[in-house]
Number of protein chains: 4
Amino acid sequence: MTDRSIAIPDAAADKRRLILDAAVRVFARSGYHGARVGDIAEEAGVAHGLLYHYFSSKEEVLATVFRENWRALLETLHRVEADDEPADEKLRGVTKVILRSWRNDPDLVRVMVREVARSPHLQAQVDEVREVFLVLQRIVEEGQAKGVFRRDLDARLASWIIYGGLEEILTGWVLGQLPDGDDEVARAERTILDVVCGGLVVR
Amino acid sequence: MTDRSIAIPDAAADKRRLILDAAVRVFARSGYHGARVGDIAEEAGVAHGLLYHYFSSKEEVLATVFRENWRALLETLHRVEADDEPADEKLRGVTKVILRSWRNDPDLVRVMVREVARSPHLQAQVDEVREVFLVLQRIVEEGQAKGVFRRDLDARLASWIIYGGLEEILTGWVLGQLPDGDDEVARAERTILDVVCGGLVVR
Amino acid sequence: MTDRSIAIPDAAADKRRLILDAAVRVFARSGYHGARVGDIAEEAGVAHGLLYHYFSSKEEVLATVFRENWRALLETLHRVEADDEPADEKLRGVTKVILRSWRNDPDLVRVMVREVARSPHLQAQVDEVREVFLVLQRIVEEGQAKGVFRRDLDARLASWIIYGGLEEILTGWVLGQLPDGDDEVARAERTILDVVCGGLVVR
Amino acid sequence: MTDRSIAIPDAAADKRRLILDAAVRVFARSGYHGARVGDIAEEAGVAHGLLYHYFSSKEEVLATVFRENWRALLETLHRVEADDEPADEKLRGVTKVILRSWRNDPDLVRVMVREVARSPHLQAQVDEVREVFLVLQRIVEEGQAKGVFRRDLDARLASWIIYGGLEEILTGWVLGQLPDGDDEVARAERTILDVVCGGLVVR
DNA sequence: GATGAATGAGATTTCATTCAT
DNA sequence: AATGAATGAAATCTCATTCAT
């Protein structure tokens, strides 16, 4: 085989990546404030000074973790939005993407939910965060336009409510308060769509 | 002699109370980590040493802020729960209580949303937090038992979803991302009930 | 005796003073950059944190050392300037004040000569430094006006030259390059006045 | 093939020279402590690692700057000293050499005056510095022997005073406190010789 | 109760220097 | 010779907490 990057993955593993991955684990374990720069470096197996070779500060490490992963999330959501499907199906897609991230990378979700979502850090990234709400809002509006969703609802508020429900379930898992497991994720998917689309009330 | 607390209210003004109120403002402004004990004392107009006369640590100040106010919230919610009303009306009551807290005391909401809700501090108070979910869950279950709400939904998950929606709207106000004002609070109330009870989908 | 400040001087010794005095010794010994904040605190017999109770930074300690002592020097020089004496006698007064400071407080002179005089720190205090030159310049100008000193000389440049001669002699003592002792100070006084007033050249 | 150093001068440009010249500029701009090795390398247009190929440390760079230039100064002064001229003319020569260095290479003078002259670095080079005083001292002594200069003065102290006057004028220019320009340099030359040789006092 | 001087553990950050490539 | 990623010692400064008054 010719591709050496596969043959010797670790040699090629760039330290910046190592540091970012370590940071996710350490932030997940200790929280942003509880995490010492030295802990991250140790977890990454590098000298702590190297962290400052790649990032200007501990906060920039967190910001980078957020930025890179949020961007990936946004891309996925944009693909879902672009799908040729009815609005309720798109909502299912968004729900899947967000809820399944928990099983996929629990540490990352831990960090995103606890350190970024409502925290005072990274308020600069407000625009990036807002875009998730906008995706949801556009889906709701599309549903309203197509007559799938009720038109008497404020689409913006609805998007915040939906996102809140999703994030709260992630939070339940993060805090160990909601039962975990693939089945539970599937059940949560169903439930949120049932509640949000169908409503609690018996028809 | 008559009640001095009326005669000289300010002199009698409990310094402990002063400190707690100041703490809310400072935590709201700077976040828990950004708030220095000296800032709180200064805001309260007392020497910072005095804080340690009433509280064992800065964290205990936050814990006390949380405890006292959360307890008040719980009492209110318990009263709503005990009302002799159908489940959907109780849901409306809970929604009102929670959303109106924003207009009532924005700084307090800021602190509760940002520093307590999902943060690593105060995990000890998990039981108190859980009780809010349980109130919601019991209301949902009651609705299911009475045939008002659909029975095919997981009541626990539903309660998390509802709470998430409520908290996210508070967050929107806290972050200045959702429009503020009495009308907006009323609209938010309506919307969350419409979404959660009626569902998005056209019947 | 009633004055307790004399009875218990050390109890009254305020820590700020202790820190400043220690700083002079440590700066003299190690230079500003070589001096660690911890060294100063240790020399003063206090915790290093206390230094930040009184000063905002290590640099402010140096600035304060400079400011307080330079101000004292200026006051003395102003008194000399105000004396009712001929210009050449005033020059003798200035010379005495400056050169005798060496015997008086060698550590302080060390710090002033090495860390302040031409260093990049404390450029903010330029005005205070300039005043010494101005005192000299005014004395020279007064001498010129009274016909004691030659009028064909630039008084400003002359003041810089005189001050340079004085400071260089201090430097010689600081660096251990010029012989030290009361006699030597007296000889230096005589020499600088001989050179500056009388000139090298035989008449 | 012809001399490549002419054909491709820049390629041949000694990196060591590049680094030294850059160091003078950076030391002049930021001071020795404020100058980072990386700054010097950047100013020189080379990687900072290369600096350690030519010098053992940052301090050695400063020492080299000092050594090479001081040596050049000494050679010039020695030539002046060896001239077949009366002592006062030799003094004029020394004055010219020292004061004109300012217009010639202000950055270098800045570094020499601020970082070397009285600083704790490079105390090893004390002998080299002393030689300048010795040149002056020998000129003064020669003048005394020849009957041109007064014999009742301590020649060593006189040499320190003269050097101090010269250096202080350089300092005035370095600090931007004395007016700059060719005319001013000429005036400074005249003034220092007038003061030192003729004295302030009217005869 | 009230004050604020005093403490000191601890954290981030800097940057000269090394060394594999 | 040349590069710049990597190291890690070291230093300043912060701030929660204590305690004498």
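Heavy atoms only: backbone and side chains are in, while hydrogens, waters and symmetry mates are out. Per chain, numbering begins at 1; letters A, B, ... match sequence-line order.
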More than 12 heavy atoms of other residues, nucleotides or ligands under 6.0 Å from CD of Glu42(D): yes or no? no
First encountered from the 5' end of DNA chain E, between Val46(C) and Ser56(D): Val46(C)
In whole angstroms, the gap separating C1' of dT12(E) from CG of Leu62(A) amounts to 15 Å
Please classify the nucleic acid contact of Ala35(D) as base, sugar-phosphate, or nothing, using heavy-atom distances under 4.0 Å. sugar-phosphate
Taking only side-chain N and O atoms of His53(D), does any of them lie within less than 4.0 angstrom of OP1 or OP2 on dA2(F)? no
Taking only N and O in the side chain of Lys15(C), is any of them less than 4.0 Å away from OP1 or OP2 of dA6(E)? yes
Residues Arg16(D), Glu68(D): salt bridge by 4.0 Å N-O rule: yes
To the nearest Å, give me how far apart CG (Leu50(D)) and C1' (dT21(E)) are. 15 Å
Just call it for Tyr54(C): base, sugar-phosphate, or nothing, with non-hydrogen atoms closer than 4.0 Å on any strand. sugar-phosphate
Between the side chains of Asp21(C) and Arg25(C), is the shortest nitrogen-to-carboxylate-oxygen separation below 4.0 Å, so that they form an ion pair? no
Rounded distance in Å - CD (Glu60(A)) to P (dT12(E)): 15 Å
What is the distance from CG of Asp39(D) to P of dC15(E), rounded to the nearest Å? 8 Å
Please evaluate the base of dA11(F) for a donor-acceptor partner in the side chain of His48(C) within a cut-off of under 3.5 Å? no
Residue mapping more 5' on DNA chain F - nearest nucleotide basis, Lys58(C) or Gly45(A): Gly45(A)
Do any side-chain nitrogens or oxygens of Tyr52(A) fall under 4.0 Å of OP1 or OP2 in dT13(E)? yes
Distance, rounded to the nearest Å, where Leu18(C) contributes CG and dA5(E) contributes C1': 14 Å
note: Glu59(D), atom CD; dA16(E), atom P; distance rounded to Å ~ 12 Å
Can we say Asp107(C) and Arg110(C) salt-bridge, meaning some charged N sits less than 4.0 Å from an Asp/Glu carboxylate O? yes
To the nearest Å, how far apart are Leu51(A) CG and dT7(F) C1'? 13 Å
Is any side-chain N of the basic residue among Asp14(D) and Arg17(D) closer than 4.0 Å to the acidic one's carboxylate O? no
All stems that DNA chain E takes part in, i.e. 3 or more consecutive Watson-Crick or G-U pairs with distances under 3.5 Å, are E:2-21 with F:2-21
Taking 4.0 angstrom as the limit, do Glu128(A) and Arg71(A) come out as a salt bridge? yes
What is the distance from CG of Asp14(C) to P of dA6(E), rounded to the nearest Å? 8 Å
Check for me whether Lys58(D) meets the cation-pi criterion with Tyr32(D), that is, NZ or CZ under 6.0 Å from the six-membered ring centre and within 45 degrees of the ring axis. yes
